[in-house]
Amino acid sequence: MQPAISSQTFGLGSIMRVAFIVGAVVMAAVLLLWIRIEQGHIERCASVVERGGIAASITAPPVHVIVHVRNNNRSVGNASTPPGRRRWNYNWDYMQPPNGQEAAGTATRVILMIRHGQYGLNDGRLTEKGRYQAKLTGMRLRALNIAFDRIVHSDLERATQTAQLIRAQLADLPMIADPMLVEGGPVPPEPTISYWSLPDRNYFVEGPRLEAAFRKYIYRAGKTQTNDTVDILVGHGNIFRYFMLRALQFPPAAWMRVFLPHGSISRLNILPDGTVTLSQFGDSGFMPPDYVTY
Amino acid sequence: MSQHTRRLVRLVSALGLGVGTAAGFYYLKGGRSSEDETKNIARKVFVDKHTHLGKVLASWTTNFEPSVKWDSNWDRRDPQYMVKPPKHPNDTTEQENYENKVKEVTPKATRHLLFIRHGQYNLNGTSHDSERYLTKKGREQVECTGKRLKELGHPYSKIIHSNMTRARESAEIIHQHLSDVPIFIDEILQEGAPVPPEPPIGSWKSEAEFFRDGARIEAGFRKYFHRADPKQHTDSYEVYVCHANVIRFFICRALQLPPEAWLRMSMYNGSVTWFTIRPSGRVSLRYHGDAGHMPPDLLTTN
């Protein structure tokens with residue numbers, strides 16, 4: 001009997017010990033679970049906050065909500081997000097490396113967007129003024145003394161002529177005609193204007209094409225690109241206004257709020273980390289005042 | 001208590017513990033699926049916002065709804081809200097009176113605002129603003145800008161400048177080319193931190209700075225950006241000499257673009273940014289950061 005009793009006593013002690021350990025594990029699990037639920041709730045709140053309107057940030061001083069935000073494409077850790085903020089999408093061109101990896105490229109891509117010169121509405125060709133504007137633009141580009149890589153232009157007459165007049169001022173640059181860059185309506189403008197409109201079908205057909213052109217030319221440098229590049233695009237007012245708004249992640253419908261003078265130079269800088277800056281839009285100060293036309 | 005009862009109690013408690021552990025594991029699994037749900041929500045938000053499939057990229061279809069509507073009463077000067085509405089809308093004379101009064105307060109003129117960024121300045125002067133004076137290059141830059149403004153030949157009605165040394169000096173040099181134009185100073189146009197920028201780039205600023213400067217720069221916007229007064233009969237051109245952050249914030253606000261985007265733009269020293277405010281309240285940006293009037297070797301962003 002003795003051994004049996006002693007083993008029974010031992011068994012009771014070990015059961016109590018196991019009970020303690022298992023109890024602790026269960027409590028830890030419950031705690032962990034609770035934290036997860038809380039975290040999910042906070043993230044849902046954060047995404048709601050992010051999706052809010054911008055009005056709050058204008059009228060009220062920014063009240064900062066400190067939340068843990070798990071960013072899909074970039075680990076930012078604890079971010080301080082005022083209500084209504086729209087976060088910059090680093091993966092806008094789908095070239096953002098996966099979480100935690102270094103930027104793929106090291107080079108900056110500069111895009112110079114040049115609107116064609118003044119043209120005749122009847123024949124679609126540059127006027128005398130328009131030709132002179134293009135010449136002045138070419139001279140300005142030459143004076144800037146940048147190593148340009150290529151000229152890509154819309155194949156409409158006014159843009160082709162402008163591109164040729166610009167190229168005449170620059171040393172042998174490769175010149176590419178691209179029908180993707182011809183003029184069109186990107187999206188119905190907001191606000192609309194009373195004296196001018198395009199049929200809905202224009203936006204329906206041309207809008208996706210302009211977006212395709214944007215994706216073709218506006219992207220960050222990849223791994224294989226080691227040197228900075230400067231592309232000259234010669235095209236039209238609507239398309240470049242759309243490019244600018246899309247590149248800066250502004251609502252594209254705002255395109256009628258900005259204007260581009262004939263022959264003007266606008267500069268987008270696409271940095272390897274996926275940020276984009278606009279250093280000038282519609283630069284035309286190199287023209288005599290009466291040549292600044294819209 | 002018999003040994004049987006003790007054994008039963010032990011059995012029940014062991015069973016309880018087992019069930020508890022199983023429940024714990026079950027809940028843990030539940031926890032994981034809650035995380036999946038969170039991921040799904042995050043993914044949906046990502047798709048909506050970042051690939052814009054929700055709104056923007058689908059916007060060329062015929063059911064287009066602009067993501068941000070233009071607020072025509074952004075300056076709270078929409079004439080229909082400037083007059084007391086009729087008490088009895090069906091009373092034709094009252095209604096006529098109201099409409100006449102609205103007509104009276106409807107703006108007739110266009111306002112042109114030309115914002116000039118100061119010239120390059122001494123960045124080593126960190127202790128006091130008076131040390132942050134224009135460099136030789138900075139003086140040459142705004143010299144060019146003064147010439148350009150004169151050449152543009154607009155009937156300027158005033159020059160208003162920030163009280164910081166670099167802006168004051170720039171305005172004085174510009175004023176030499178537009179000597180007939182009255183010149184004013186306004187502290188509200190000082191440089192500062194408008195709102196925390198998105199993406200979060202640029203130099204670090206404390207929340208206190210955004211809190212203080214943000215409200216002041218917004219006040220500056222409300223002071224100077226509005227459609228013309230109904231008493232103004234001819235188009236006006238005003239020159240403002242101030243700072244990059246202020247001007248970039250004004251671009252976003254005036255065009256009703258997200259204000260936290262201000263740091264996505266940059267501008268050269270001495271460059272010109274031209275806004276037009278129509279009698280209807282429509283605002284347009286004619287160009288931003290135009291520095292084409294300067295020889296390329298003068299182009300700096302400080």
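Sequence lines set the chain letters: A, B, ... in the order given, protein chains first and strands last, and positions in each chain run from 1. The figures here come from the full heavy-atom set of this structure, side chains too, leaving out hydrogens, waters and symmetry mates.
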Checklist line | Leading residue by heavy atom contact count with chain B [cutoff under 4.5 Å; candidates A:S284, A:A143, A:G282] | finding: A:S284

Notebook entry, point to check: For B:L299, is it the side chain, the backbone, both, or neither that has a heavy atom closer than 4.5 Å to a heavy atom of chain A?
Noted result: side chain

Next item on the list: Starting at CG of A:L248, measure out to CG of B:L257 and round the result to the nearest 0.5 Å.
Entry: 9.0 Å

Next item on the list: Check whether any side-chain N or O of B:E198 sits under 3.5 Å from a backbone N or O of A:R87 as a donor-acceptor pair, and report yes or no.
Entry: no

Checklist line | Which atom of B:Q256 lies closest to which atom of A:R257, heavy atoms considered | finding: O-NH1, 3.4 Å

Next item on the list: Check whether A:R140 gets within reach of chain B through its side chain, its backbone, both or neither, counting any heavy atom under 4.5 Å.
Entry: side chain

Notebook entry, point to check: Rounded to the nearest 0.5 Å, how far does CG of B:D290 lie from CZ of A:F286?
Noted result: 8.0 Å

Notebook entry, point to check: Considering only heavy atoms, which portion of A:S279 lies under 4.5 Å from any heavy atom of chain B: side chain, backbone, both, or neither?
Noted result: both

Check: For A:V292 and B:R148, which heavy atoms make the closest approach, and how far apart are they?
Finding: CG2-NH2, 3.6 Å

Notebook entry, point to check: For chain A, which of B:G214, B:G292, B:C252 has the most heavy-atom pairs under 4.5 Å?
Noted result: B:G292

Checklist line | Side chain proximity check, A:Q280 to B:S271, heavy atoms < 4.5 angstrom | finding: no

Checklist line | Validation row: B:M265, A:F281 side chains within 4.5 angstrom (heavy atoms) | finding: no

Check: Looking at CD1 of B:I201 and CG of A:L271, how far apart are the two atoms once the value is rounded to the nearest 0.5 Å?
Finding: 8.0 Å

Item checked: Interface moiety of A:V258 toward chain B, non-hydrogen atoms closer than 4.5 Å -> both

Notebook entry, point to check: Where on A:A254 is there a heavy atom nearer than 4.5 Å to chain B: the side chain, the backbone, both, or neither?
Noted result: side chain

Notebook entry, point to check: Counting distance only, does the side-chain N/O of A:E190 pair as donor-acceptor with the main-chain N or O of B:W70 below 3.5 Å?
Noted result: yes

Notebook entry, point to check: Using non-hydrogen atoms only, which part of A:M27 is less than 4.5 Å away from chain B: side chain, backbone, both, or neither?
Noted result: neither

Note to self: Looking at every non-hydrogen atom in both residues, tell me the closest pair between B:A291 and A:D283 and how far apart they are.
What the structure shows: N-OD2, 2.8 Å

Check: From A:F259 CZ over to B:T276 OG1, what is the distance, rounded to the nearest 0.5 angstrom?
Finding: 8.0 Å

Notebook entry, point to check: For the side-chain contact (heavy atoms from CB on, under 4.5 Å) test, which of B:H288, B:R248, B:M267, B:R264 pairs with A:L278?
Noted result: B:H288

Note to self: Go through it in stages, so that I can follow the logic: the residues are A:S264 and B:Y287, the test is side chain to side chain contact (heavy atoms under 4.5 Å, CB included), and I'd like the CA-CA distance, side-chain angles, deciding distance and then a yes or no.
What the structure shows: CA-CA 9 Å; A:S264 65; B:Y287 42 67; over 6 Å; no

Next item on the list: Could you tell me which of B:G289, B:P295, B:A254, B:S284 has the largest number of non-hydrogen atom pairs under 4.5 Å with chain A?
Entry: B:S284

Checklist line | Backbone N/O of B:R286 and side chain of A:Y294: donor-acceptor pair under 3.5 Å | finding: yes

